Protein chains: 2
Amino acid sequence: MAYVTIRDVAQRAGISVSTVSRALNGRGRISPETKKSVERAVEELNYIPDSRAQAMRSSKTKTVGLLVPDIRNGYFADLAYAIQDTLFKAGYCTFIGTSSESVSLQDSFITSILSQHIDGAIIVPQGEYSDALHLLNTRKLPVVFVDRTAQGVEGVPLVDSDPMPGIREALNDIKDHGFAKVGYVSGPILDSPSLQGREYAFRDLAARIFGEEHVFVESTSFNQASCASVLKRMRQSGVDALIFGYSPDAIRAISLLTYAGEQVGKDVSIVSFDDLEIFRLISPQISVISQQVQEIGRRGAELFLDMVDGKRQSQSQRVETIYIPRASVGQAR
Amino acid sequence: MAYVTIRDVAQRAGISVSTVSRALNGRGRISPETKKSVERAVEELNYIPDSRAQAMRSSKTKTVGLLVPDIRNGYFADLAYAIQDTLFKAGYCTFIGTSSESVSLQDSFITSILSQHIDGAIIVPQGEYSDALHLLNTRKLPVVFVDRTAQGVEGVPLVDSDPMPGIREALNDIKDHGFAKVGYVSGPILDSPSLQGREYAFRDLAARIFGEEHVFVESTSFNQASCASVLKRMRQSGVDALIFGYSPDAIRAISLLTYAGEQVGKDVSIVSFDDLEIFRLISPQISVISQQVQEIGRRGAELFLDMVDGKRQSQSQRVETIYIPRASVGQAR
DNA sequence: CTGAAAGCGCTTACAG
DNA sequence: CTGAAAGCGCTTACAG
């Protein structure tokens, strides 16, 4: 008797299944006594309606797929938390999947949740095009991209952050501390439009504030070694103030610098994207450009809910980044 | 046409629904040509079977509920990742929920996933007793507790870690560095059997290694102030070596100490439970007692899968903690 | 106000 | 080898 059915309730209450259904859903008119006895039976049996069966008639499963690259990454954990929380409050259960930055895992997750007849999905997509992504889209299910978009998929609204405001403030702060040159480490930008967007925003703003010839930009790949060599080249060019577009690079760089005996906030000034817990806990605390990830998550979920209700379509949104100055940007020498 | 049904496939292939079903599931005998045409139709329509409908007959939804207190906590994020990953590889979709350390949220999540007819659940439980937990259990659905157990719920197997080995090694390391006294900050132990278990293990081992009169133990509540005052009292008792049973306390303590100008690894020696990323990234790196959380998650998921297959029942497992010495334990003065 | 019936998308004996 | 029918747990017109 793993699950109690509506029939059990009907039997217990001595009435028909349809009446129980009506009593439970408040449709049509039912006598107070009938209602009472239904409630009692539900109580006694701990009846919980099978939403799968309900779904087969209503075609709403109250179920959403959420795909993030890796919840072990603090940024995506915050994002997933905010999304799941918002969705749950609206009565939705969230299937979670991690793509580990791999297109094939992403596709197999999407296929799986599609077979569960999700009402839609919220996705931090991988790479550009993907069969399953395309399938999801042609099914005209509500889909929202969050944090970044996928190329080759049309008409999916995106909730991400606008890098400009935060970068502008960070650059001004660096300039105010007396630096003449500024460097930017943009991360593994190859198939990440958001990282590319940050780099463009940086180039544009930095050239205006520092002058083109004082601006240095390099990208890294996923491995530790590339970060080390970028760092070395930057220092050799006389760059003492760095902005990291990709927080894992910043974390690597900080430990590399510490090992090398260089003091952050004195010998090197650093600003990183993403207001991770770790940046507040280490000493000196790291100045950051915050994407306000909770806000992005919440808005992504709300946009999704509106789409499910048919309220809006394809209205992408941007959440402004903000700069949070801390001790990792020191006086230039 | 949000979803393609088996009927669409049958129509396209010009045969009956039942034959399509049989072809797809490889039951009974079907002619090669029929099979071909079914496959072609499936391909053309991108048909994905509705597993909810399948589930209504087979009573297996290939769906699991996973409840953790908070995925924003690195420890639970690692745990959730390992569990979700293992489950997904076995063909299960995972509903995730966060209880935010609240019994009522936990209960409402459990009720929600029960209405989705999950095949079972993997849970990091809150508090002692809970209606929904009890309900889950009486439904005889496969349930596994991970990381900690809930009192008042019988017969649910638990996969957690055995604190003894790690604590023993940590204590020996502290002793080897010349300390005569040792302190233990046990966290908010009130309704956490695992934190209690750690404290017992510590008391037992520390008394044997250091002698009862040189062992200091205090617990904290969830707020920052209690951690500060515990820290102060410990230092006043002349305790320079501390083990933290609850990693958030350790993180708080480290930042408190740093603000106060005390050097970790010199003025104070510290060991914390949980091998969090942050403990490897800050300087000095923090010595930890690792619970091997990935291993716990993987084993929890595997135990669950065995239970679903009816292979075993209620076989709790313990994963040994290991001690990882780093620079935060220095020479006593 | 209440019940019998049809149907959601599947699968599985049961005939043929 | 294939199709018609029943049934999984629900909801919703349709009668009464």
Side-chain angles (χ1 to χ4, degrees), chain A residues 1-39 41-42 45-63 112-119 139 141, chain B residues 1-39 41-42 45-63 112-119 139 141:
Chain A
M1 79 107 226
Y3 282 105
V4 176
T5 76
I6 197 175
R7 187 170 302 169
D8 300 323
V9 176
Q11 217 150 41
R12 183 88 163 208
I15 52 176
S16 80
V17 163
S18 19
T19 305
V20 173
S21 174
R22 250 176 267 116
L24 255 26
N25 297 303
R27 288 204 197 297
R29 17 193 96 259
I30 21 100
S31 75
E33 305 93 71
T34 313
K35 182 152 189 166
K36 278 269 154 52
S37 68
V38 168
E39 277 162 4
V42 165
L45 298 170
N46 282 312
Y47 170 67
I48 300 174
D50 180 350
S51 64
R52 287 161 27 262
Q54 293 179 317
M56 292 195 58
R57 304 213 37 52
S58 72
S59 78
K60 285 283 165 254
T61 57
K62 286 290 185 177
T63 268
S112 282
I113 55 176
L114 233 26
S115 88
Q116 297 288 349
H117 270 223
I118 46 165
D119 290 342
R139 288 279 166 88
L141 284 173
Chain B
M1 78 106 225
Y3 281 104
V4 176
T5 76
I6 197 173
R7 187 170 304 170
D8 299 324
V9 177
Q11 218 149 40
R12 183 85 163 213
I15 54 176
S16 80
V17 164
S18 20
T19 303
V20 173
S21 173
R22 250 176 266 117
L24 255 26
N25 298 302
R27 286 204 200 298
R29 18 193 95 259
I30 22 95
S31 76
E33 307 93 71
T34 313
K35 181 150 191 169
K36 278 270 154 53
S37 68
V38 168
E39 278 161 4
V42 165
L45 298 170
N46 281 312
Y47 170 67
I48 300 175
D50 180 348
S51 64
R52 286 159 29 262
Q54 293 179 316
M56 292 195 57
R57 304 210 44 42
S58 72
S59 79
K60 285 284 164 253
T61 56
K62 286 291 187 178
T63 267
S112 281
I113 55 177
L114 232 26
S115 87
Q116 297 288 350
H117 271 223
I118 47 164
D119 290 343
R139 286 279 167 89
L141 284 173

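Because the structure is a prediction, the values reported are computed rather than measured. Convention: sequence-line order gives letters A, B, ...; per-chain numbering from 1.
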**Asked** Using a cut-off of 4.0 Å on non-hydrogen atoms, how would the nucleic acid contact of B:Ser31 be classed: base, sugar-phosphate, or nothing?
**Response** sugar-phosphate
**d(CZ, B:Arg22; C1', C:dA15) in whole Å** = 11 Å
Find every protein N or O atom lying less than 3.5 Å from an N or O atom of nucleotides 6-8 of chain D, and list the pairs.
| from | atom 1 | to | atom 2 | distance (Å) |
| --- | --- | --- | --- | --- |
| D:dG7 | N2 | B:Arg57 | NE | 2.8 |

**Complete:** Contacts satisfying salt bridge (Lys or Arg N to Asp or Glu O under 4.0 Å) that involve residues 15-33 of chain B (not counting sequence neighbours) are none
**Message:** Which residues pass the side chain to side chain donor-acceptor pair (under 3.5 Å) test with A:Thr61, not counting sequence neighbours?
**Reply:** A:Asp119
**Item:** A:Asn46: side chain to side chain donor-acceptor pair (under 3.5 Å) partners, not counting sequence neighbours
**Value:** none
**Request:** Round to a whole Å and report the spacing from CD of B:Gln54 to P of C:dC10.
**Result:** 7 Å
**Fill in**
Ordered by number, residues from residues 10-18 of chain A within less than 4.0 Å of DNA chain C (heavy atoms) are A:Ile15, A:Ser16, A:Ser18
**Item:** Pairwise distance CD1(B:Ile48) to OG(A:Ser112) - rounded to 0.5 angstrom
**Value:** 9.0 Å
**Prompt:** How far does CD of A:Gln54 sit from CG of A:Leu24, to the nearest 0.5 angstrom?
**Reply:** 8.5 Å
**Prompt:** How close or far is atom P of C:dT2 from atom CG of A:Leu24, stated in whole angstroms?
**Reply:** 14 Å
**Item:** Closest listed nucleotide, where the reference is the side chain of A:Ile30 and the choices are D:dC1, D:dT12, C:dT2
**Value:** C:dT2
**Request:** May I ask you to verify if any side-chain N or O of B:Thr34 is less than 4.0 angstrom from the OP1 or OP2 atom of D:dC1?
**Result:** no
**Complete:** Here the salt bridge (Lys or Arg N to Asp or Glu O under 4.0 Å) pairs for residues 54-63 of chain A, sequence neighbours left out, are none
**Asked** Taking atom OG1 of A:Thr63 and atom CZ of B:Arg52, what is their separation to the nearest 0.5 Å?
**Response** 8.5 Å
**d(CD, B:Gln116; P, D:dC10) in whole Å** = 13 Å
**Asked** In Å and rounded to the nearest 0.5 Å, what is the OH to CG distance from A:Tyr3 to B:Leu114?
**Response** 5.0 Å
**Atom pair distance, as rounded to whole Å: NE2 in A:His117 and P in C:dG9** = 8 Å
**Prompt:** Who passes side chain to side chain contact (heavy atoms under 4.5 Å, CB included) against A:Lys35, sequence neighbours left out?
**Reply:** A:Ile30, A:Glu39
Show the atom names and distances, to 0.1 Å, of all donor-acceptor pairs under 3.5 Å that link a side chain in residues 6-15 of chain A to residues at least two apart or in another chain.
| from | atom 1 | to | atom 2 | distance (Å) |
| --- | --- | --- | --- | --- |
| A:Asp8 | OD2 | A:Thr5 | N | 2.9 |
| A:Arg12 | NE | A:Glu44 | OE1 | 2.8 |
| A:Arg12 | NH2 | A:Glu44 | OE1 | 2.9 |

**Item:** Whole-Å gap separating P (D:dG9) and CG (A:Asp8)
**Value:** 8 Å
**Message:** I want to check one thing: is the phosphate of D:dT2, taken as OP1 and OP2, less than 4.0 Å away from some side-chain N or O of B:Thr19?
**Reply:** no
**Request:** Using a 3.5 Å limit on both pairing distances, list the dot-bracket string of DNA chain D from the 5' end; Watson-Crick and G-U wobble pairs count, crossing pairs take [ ], interstrand pairs take |.
**Result:** |||.||||||||.|||
**Distance, rounded to the nearest Å, where A:Arg52 contributes CZ and C:dC10 contributes C1'** = 11 Å
**Asked** Got a sec, which residues hit side chain to side chain donor-acceptor pair (under 3.5 Å) with B:Ser115, two or more places apart in sequence or on another chain?
**Response** none
**Item:** By side chain to side chain donor-acceptor pair (under 3.5 Å) - contacts of A:Ser31 (at least two apart)
**Value:** A:Thr34
**Message:** Is the phosphate of D:dC10 approached by A:Tyr3 (side-chain N or O, under 4.0 Å from OP1 or OP2)?
**Reply:** no
**Prompt:** Whole Å only: how far is the CZ atom of B:Arg29 from the P atom of C:dA13?
**Reply:** 16 Å
**Message:** When the P atoms of C:dG7 and D:dA4 are compared, how many Å lie between them, rounded to an integer?
**Reply:** 16 Å
